[in-house]
Colleague: 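Have a look at this one.
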Amino acid sequence: MTTFAELGLSPKILAAVEAAGYTTPTPIQAGAIPQALERKDVLGIAQTGTGKTASFVLPMLHLLEKGRARARMPRTLILEPTRELAAQVEENFVKYGVNHRINVALLIGGVSFDEQERKLERGADVLIATPGRLLDHFERGKLLLTGVEILVIDEADRMLDMGFIPDIERICKLIPFTRQTLFFSATMPAEITKLTEQFLHSPARVEVAKASTTAKTVTQRLVKSAKKPWDKRAVLRDLIQAEGDDLKNAIIFCNRKMDVSELFRSLVKHGFNAGALHGDMDQRARMTMLSNFKDGNLQLLVASDVAARGLDIPDVSHVFNYDIPIHAEDYVHRIGRTGRAGRSGKAFSIITGADTKYLDAIEKMIGEKIEWLDGDLSTLPAQEETEETGRRGRNNRGKNGKKSRDKDHKEKQAQPRVAEEKTAEAPQAVADISALNAPQPVLPDNVSIGTAVTAEPVRPAPHKNGHEDRRQNHNQNGQQNKRHRRDFDDEPSPLGFGDDIPAFMLIPINI
DNA sequence: AAAAAAC
């Protein structure tokens, strides 16, 4: 079996790898590192969770040992599709670069330019960036890409999904062709193959057997539910409680950002130790939520698909699909957050009558039928007329019977109820939850409860037209609906604390 | 029925 020492890495790097507790390289590392050290282009085909990041970070450190960076001229560039992934790669440089003196700059959106510019000015050995912010810096003239010796394109197929390919092409053309290119993708659709033909020079192809769709160590179950959000939330709570101590930590996926916020608030109200993660959250809150979840301070993370792929969150015992994903491949990515490295994991998907089409597609794709936990949809009692739905339905609806979140929201402010949905007790309710149910200003979209209790003024009544356009990339038709959404969702981005979030707010609620 | 990413 290969060892790290045989790969040709410098002693400084080997020491750091050993200190990090690794002895044996993964297949992608064993395949890619020697090629990269020989300055060959590499085409790495590997999923996340295969040790892919180290397979470019380690050889990069090795090659960076000679020479040093000049102002505004980074020596290497790594492109990542999401901010979290970019930050995660930076962490890898910290971990494996403990014995090196290298300057790493992280260029991602959602945070201020100033510090990023300072780091560029100081001379960056490694630039880790999402495409938009990188080009933004470039257009401002803060950055020259002519000194880049190594270019890494990570998660190329995801970049494709996200429409980044034109940006990637543009960036590639700004970098001298004498560079070395390391290119990673989990799949190779035609567009990606074309891209590699365009930008790689006789690459060494390193392919890691794809973890056959879904890991065998993951127990998958379907759970029936009526369609209404409060029904689904109750089903979820029951599931979480039924798992008891088996549930160490879990990611709960929703299809929409708005539902992430809503479910997060609901879970917290019910006394669960939960956080939230989606792309409209303030970057700082995103980072904090993620690190708190990784550190075990948060047990549950309600997330959009921003968390479905790539994020290195070891040891998630459970994945819940609060919504079943619309695209079958997302199902695989989501449940791939558990059952990693041979450990066992459980994945529960809440299914309503409207979901069967997507469920069929998923089962077809993974090539198996997923078992129902407790009877399939046909065993679902007729839901409409139950006391439960009746009561909640009234509270959740506006005069015309259409859902009016804004109204619902204000009602909650005015006369908060002790228990939102059915009076399920919180699982391990110990701490003083009453504060959460006390009258309070609008509970912010993004962060934990502490915020609401602070004297942050309730946000001024309806939005003036002007500043609604921050997120105008929603659908074109249906202005009415759109307004509803915004009124609820478009809280002043987290809390209006600007860059200075008081520390206590970032402390998750431990119960 | 979506999310992500620049301002």
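All chains are named by letter (A, B, ...) in the order of the sequence lines, taking the proteins before the strands, and each is independently numbered beginning at 1. A quick note: this is a predicted structure, and the numbers were derived from the prediction, not measured.
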Colleague: Taking the six-membered ring for Trp, are A:F56 and A:F184 ring centroids under 6.0 Å apart?
Modeller: yes
Colleague: Hey, does the side chain of A:R83 come within less than 4.0 Å of B:dA6's phosphate (OP1/OP2), counting only N and O?
Modeller: yes
Colleague: Output the rounded distance in Å from NE2 (A:H278) to C1' (B:dA3).
Modeller: 11 Å
Colleague: Can we say A:D136 and A:R140 salt-bridge, meaning some charged N sits less than 4.0 Å from an Asp/Glu carboxylate O?
Modeller: yes
Colleague: Determine whether A:R179 and A:T181 satisfy the following criterion, side chain to side chain donor-acceptor pair (under 3.5 Å), listing intermediate values before the conclusion.
Modeller: CA-CA 6 Å; A:R179 66 166 191 259; A:T181 308; 2.7 Å; yes
Colleague: Can you check the A:D282 CG to B:dA4 C1' distance for me, whole Å?
Modeller: 17 Å
Colleague: What's the closest nucleotide to the A:D330 side chain, out of B:dA1, B:dA2, B:dA4?
Modeller: B:dA2
Colleague: Run through A:R233, A:K269, A:R256 and flag the one making a salt bridge (Lys or Arg N to Asp or Glu O under 4.0 Å) with A:E262.
Modeller: A:R233
Colleague: Has A:S304 got a side-chain N or O lying under 4.0 Å from the OP1 or OP2 atom of B:dA2?
Modeller: no
Colleague: Rounded to the nearest Å, what distance is computed from the CG atom of residue A:L135 to the C1' atom of nucleotide B:dA5?
Modeller: 11 Å
Colleague: Please collect all salt bridge (Lys or Arg N to Asp or Glu O under 4.0 Å) contacts where either partner lies in residues 80-90 of chain A, sequence neighbours excluded, each pair once.
Modeller: A:E84-A:R286
Colleague: How close or far is atom P of B:dA2 from atom CG of A:D355, stated in whole angstroms?
Modeller: 13 Å
Colleague: Mind calculating the distance between CE (A:M159) and P (B:dA6) to the nearest angstrom?
Modeller: 11 Å
Colleague: Between B:dA4 and A:K257, is there an OP1 or OP2 to side-chain N/O distance shorter than 4.0 Å?
Modeller: yes
Colleague: Over all strands shown, is A:P325 touching base, sugar-phosphate only, or nothing at heavy-atom distances under 4.0 angstrom?
Modeller: nothing
Colleague: NZ of A:K357 versus P of B:dA2: gap in Å, rounded?
Modeller: 12 Å
Colleague: Taking CD from A:Q283 and P from B:dA5, how many angstroms apart are they, rounded to a whole number?
Modeller: 7 Å
Colleague: Taking only N and O in the side chain of A:T130, is any of them less than 4.0 Å away from OP1 or OP2 of B:dA6?
Modeller: yes
Colleague: Using salt bridge (charged side-chain N to carboxylate O under 4.0 Å, His left out), reason through A:K119 and A:E115 one step at a time and then give a plain yes or no.
Modeller: CA-CA 6 Å; A:K119 286 191 174 169; A:E115 200 195 332; 3.7 Å; yes
Colleague: On a plain distance test, is the side chain of A:H327 in donor-acceptor contact with the base of B:dA2 below 3.5 Å?
Modeller: yes
Colleague: Does B:dA5 have OP1 or OP2 sitting under 4.0 Å from an N or O in the side chain of A:R286?
Modeller: yes
Colleague: When all nucleic acid strands are considered with a 4.0 Å heavy-atom cut-off, which category describes A:N255: base, sugar-phosphate, or nothing?
Modeller: sugar-phosphate
Colleague: Between A:D305 and A:R334, is there a side-chain N and carboxylate O pair less than 4.0 Å apart?
Modeller: yes
Colleague: Residues from residues 114-124 of chain A sitting under 4.0 Å of DNA chain B, heavy atoms only?
Modeller: none
Colleague: CE of A:M162 versus C1' of B:dA6: gap in Å, rounded?
Modeller: 12 Å
